[in-house]
Structure formats: C-alpha cells, structure tokens
Protein chains: 2
Amino acid sequence: MVTLEQKYCALLGVAQEKGQADLSKMKACFEVLALASAIDRACARRLAPYQLSEGKFIVLFLLQQMPQGGAPNELAERAGVTRGTITGLLDGLERDGYISRQQDATDRRRLIVRLSPQGEEVAAKLGEEHSRWIGSLFEGFSEEDFKVLSPLLNRVWKTLEEDDVI
Amino acid sequence: MVTLEQKYCALLGVAQEKGQADLSKMKACFEVLALASAIDRACARRLAPYQLSEGKFIVLFLLQQMPQGGAPNELAERAGVTRGTITGLLDGLERDGYISRQQDATDRRRLIVRLSPQGEEVAAKLGEEHSRWIGSLFEGFSEEDFKVLSPLLNRVWKTLEEDDVI
DNA sequence: GACATATAATTTGGCGCCTTATAATTTGAT
DNA sequence: ATCAAATTATAAGGCGCCAAATTATATGTC
C-alpha cells in the first residue's frame, strides 16, 4: 500500500535538505492535500451515477434545509463557490430536473431556487447515504482524536486567512 | 473570522440529528476538505503570476529532480494525475517555454521531458519560495503535533483505499 | 425626477482535470 | 513470422471552477 508519505516523497527532496522541522511541515501539508483529494475523488465516484458533482450535491443538500427555497447568491456563499459557478451548477441541476428557478415577485433581480420533488427525493436519499459514508471514513476515531485533530487544522486555516489578507 | 466549523455548519444539520459521534466525524471531514481547498486556492493565487497551476508546478518540481528528464507517464503517476491530464499540463509548460519534449531514440512511443533553462530557473526559485510558504503555514507546530496529526490523517487515507478496492 | 451606486444573476473566456476513444508502436505467444 | 495484447502519448468532449465583464433592477441622494 502506498502511504500518504510515500505518495509525496518525491516532493520532499528539497525539504530534506533543510532539516527535520521543514520536512515535517511539508509532509503535513501534503498529507492534508492528498487526503482531501482522495476524499474528493471517492466522493465524485459515488455521486457520478446520479449525474451529480460534489458542488451540485452540496447545493441539493443546502436546499433541503431551506424548505421555502434560497437565492443563488446565498447558495454560492454557503457552498463556498462564486456566483458565476453557482449559475452553472444550477443550470445542470435544472436541466436534470432536480431544482426549479422562479422569479421573486417583489425584486425582479432575485431568483428563488427550490428543490423539485425529484430533487427532494435524491437529496434525502443521498444525504443519508453520504453522511453514513463520511461516518465510515472516520470509523474508530474517538472524541479525543477529534479534539486533537480539529484545533490543529483550524490553526493552519487561521494562518492562511491572515496570509490572504496581506 | 469564519472558522472551518462555521463554514460547514449548514451541512451538519443532518448529522446533528444523528448524535454527537456522527457530528464529529462529518465536522472533521469538512475541516480537512475546507482546509485543503483553502490551501489550494492560496497556492493558485501565488502561482498565477508565473502562468503556473499547482499541477504544472508539481511537474516542474518533479523534473527538477530528474536531471536526465522523465517520461510523461512517470510524471503523471508521481504527480497523481492521469496521463491525459499530464499531456495538457505539458502542453502548457511547453508553450510557455518551461520544458521541451524529445523523442526517445530506442522506443518511438516514448518521450523524454526536460526542463528548459528558463524552466530550471523558475523551478529553483519557486521551489524555494513555495517550501518556505508551506513552512509558514505550519509555523508553531511542534514535532509532537505532527506525530499526532499524521497518523490520524493516514488512518482515514487507509480506510479510503480499502473502500475503493471494494 | 435624474443619476450614481449597489446588488442580482448571468455570460464569456479560460484553465485544470477527468473519462473515453484513438493512433502509433512494441512485445509476447504461438 | 504473425497477430493479439499491452503500452505510450494524444485527442475529444465534458464538467467544475474562477475572474472579469455584462445586463437588469433597485436604492439613495441631490
């Protein structure tokens, strides 16, 4: 089996010349990236039979929790993509009959996006399936493990946010 | 500031109904994904001025460690992308003068990809810069922290690999 | 009431990546 | 020696995503 470390060993040559500290940091970074990309791919494979990408799935998931519908910009923000992207995702979802777009009566710039009955059904089924799958990935993790993992990841996230502002 | 948890809180509604254990698992999963995607975006922004994507950068980086050049399929495997993808990345790198493709004398199916002088230069400069940046993301992490983080990430990775085989 | 400004959604153009199909070449079994 | 199978690289088509530009509508100010 290829470990995460092995997968990126080629990229670590440079760090090795710089001492243990940098090596550990680069390794950790690649581990996070490689794991996320593995999760993404597995996820994409799971969703492909439904013509859904991860982005579309998240939109369905979000809409499920907005029974009275939601605006594209709101969906974009919650899903973490741009408004331009959300337009494309909604196009696909509409084409496949999962959602409908409806003009807002009071502000004609606005749209209201709603799940179709079919969308409801798929969202419910996949939501259930998906959360079970995610659960299985972290099977065997204790609450203690999460208490350790979460703050570490969040520390990097925070650094990154500060970084970006500059 | 938006924390990783907040970012995905909307997605956690379902998990909340299923108890603490599942909630922690989904949270952790989203934290990994969100962090990786934040790193990817920041990385893309850093590389954009050089007309480089993360994929292209990794190819440059790999080539730097193959002084006698490398084959596309080898690069694809080490970079973790498909051969089809590597062709596109090499196209871009060749167009921008960072690499050259050369036919292998003994097997005419094969190519040898090499860095151009310009490619060497950029690879060296960016490699240095990039590893310093990654280091800065994990600034303040102790060796102890990595000893905890790494096995946790690798456990999920392992589960995922087993998953895929099935 | 007119005009600048803000906001909503979309369009456009681009890149990365994937999957599937194709073409060229080599290898291996018979 | 021949022909099927494997391997190499590429092409084609598609989706997701982004940034920047565009269009339509609303709002606030003078």
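A note on names: the letters A, B, ... follow the listed sequences, proteins ahead of strands, and every chain is numbered from 1. Here the structure is a predicted model, which means the values were calculated and not measured.
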By the ring pair (Phe, Tyr, Trp, His ring centres under 6.0 Å) test, which pairs, at least two apart or in different chains, include something from residues 33-57 of chain A?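 Listed by first then second residue: A:F57-A:F61, A:F57-A:H130.
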Between A:D145 and B:R155, does any NZ, NE, NH1 or NH2 come within less than 4.0 Å of an OD or OE carboxylate oxygen?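 A:D145 and B:R155: salt-bridged.
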Distance test, side-chain N/O of A:S53 to OP1/OP2 of D:dG16, below 4.0 Å: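 Yes, within the criterion.
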[X] [atom1] to [N] [atom2], straight-line distance once rounded to whole Å:
{"X": "B:L52", "N": "C:dG14", "atom1": "CG", "atom2": "C1'", "value": "16 Å"}
{"X": "B:L89", "N": "C:dC15", "atom1": "CG", "atom2": "C1'", "value": "10 Å"}
{"X": "B:D40", "N": "D:dC18", "atom1": "CG", "atom2": "C1'", "value": "14 Å"}
{"X": "B:L33", "N": "D:dG16", "atom1": "CG", "atom2": "C1'", "value": "16 Å"}
{"X": "B:R45", "N": "D:dC17", "atom1": "CZ", "atom2": "P", "value": "16 Å"}
{"X": "A:R108", "N": "D:dT27", "atom1": "CZ", "atom2": "C1'", "value": "15 Å"}
{"X": "B:R41", "N": "C:dC15", "atom1": "CZ", "atom2": "P", "value": "19 Å"}
{"X": "A:E54", "N": "C:dC17", "atom1": "CD", "atom2": "C1'", "value": "14 Å"}

What residues, two or more places apart in sequence or in another chain, satisfy side-chain hydrogen bond (donor to acceptor under 3.5 Å, both in side chains) together with B:R110?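 Only B:D107 meet the side-chain hydrogen bond (donor to acceptor under 3.5 Å, both in side chains) criterion with B:R110.
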Partners meeting salt bridge (charged side-chain N to carboxylate O under 4.0 Å, His left out) with A:E74 (sequence neighbours left out):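 Expected list: A:R78.
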Partner set under salt bridge (charged side-chain N to carboxylate O under 4.0 Å, His left out) for B:E120, not counting sequence neighbours: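 For B:E120, no residue satisfies salt bridge (charged side-chain N to carboxylate O under 4.0 Å, His left out) once neighbours in sequence are set aside.
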Nearest-0.5 Å distance that lies between atom CD in B:E139 and atom NZ in A:K25: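 With rounding to 0.5 Å, CD (B:E139) is 4.0 Å from NZ (A:K25).
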Closest listed nucleotide, where the reference is the side chain of B:V81 and the choices are C:dG16, D:dA19, C:dC17: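 Among C:dG16, D:dA19, C:dC17, the one nearest the side chain of B:V81 is C:dC17.
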How would you list, by chain and number, every residue that makes a side chain to side chain contact (heavy atoms under 4.5 Å, CB included) with A:E94, sequence neighbours excluded?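 So A:E94 forms a side chain to side chain contact (heavy atoms under 4.5 Å, CB included) with A:I99, A:R101.
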Specify the residue among A:T106 and A:G92 whose closest nucleotide of DNA chain D lies further upstream toward the 5′ end.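 The answer here is A:G92.
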Show each protein N/O and nucleotides 8-12 of chain C N/O combination with a separation under 3.5 Å, one pair to a line.
from	atom 1	to	atom 2	distance (Å)
C:dA8	OP1	A:N73	ND2	3.2
C:dA9	OP1	A:L111	N	3.1
C:dA9	OP2	A:N73	N	3.1
C:dA9	OP2	A:N73	OD1	3.2
C:dT10	OP1	A:R101	NH1	3.1
C:dT10	OP2	A:T87	OG1	3.3
C:dT10	OP2	A:R101	NH1	3.2

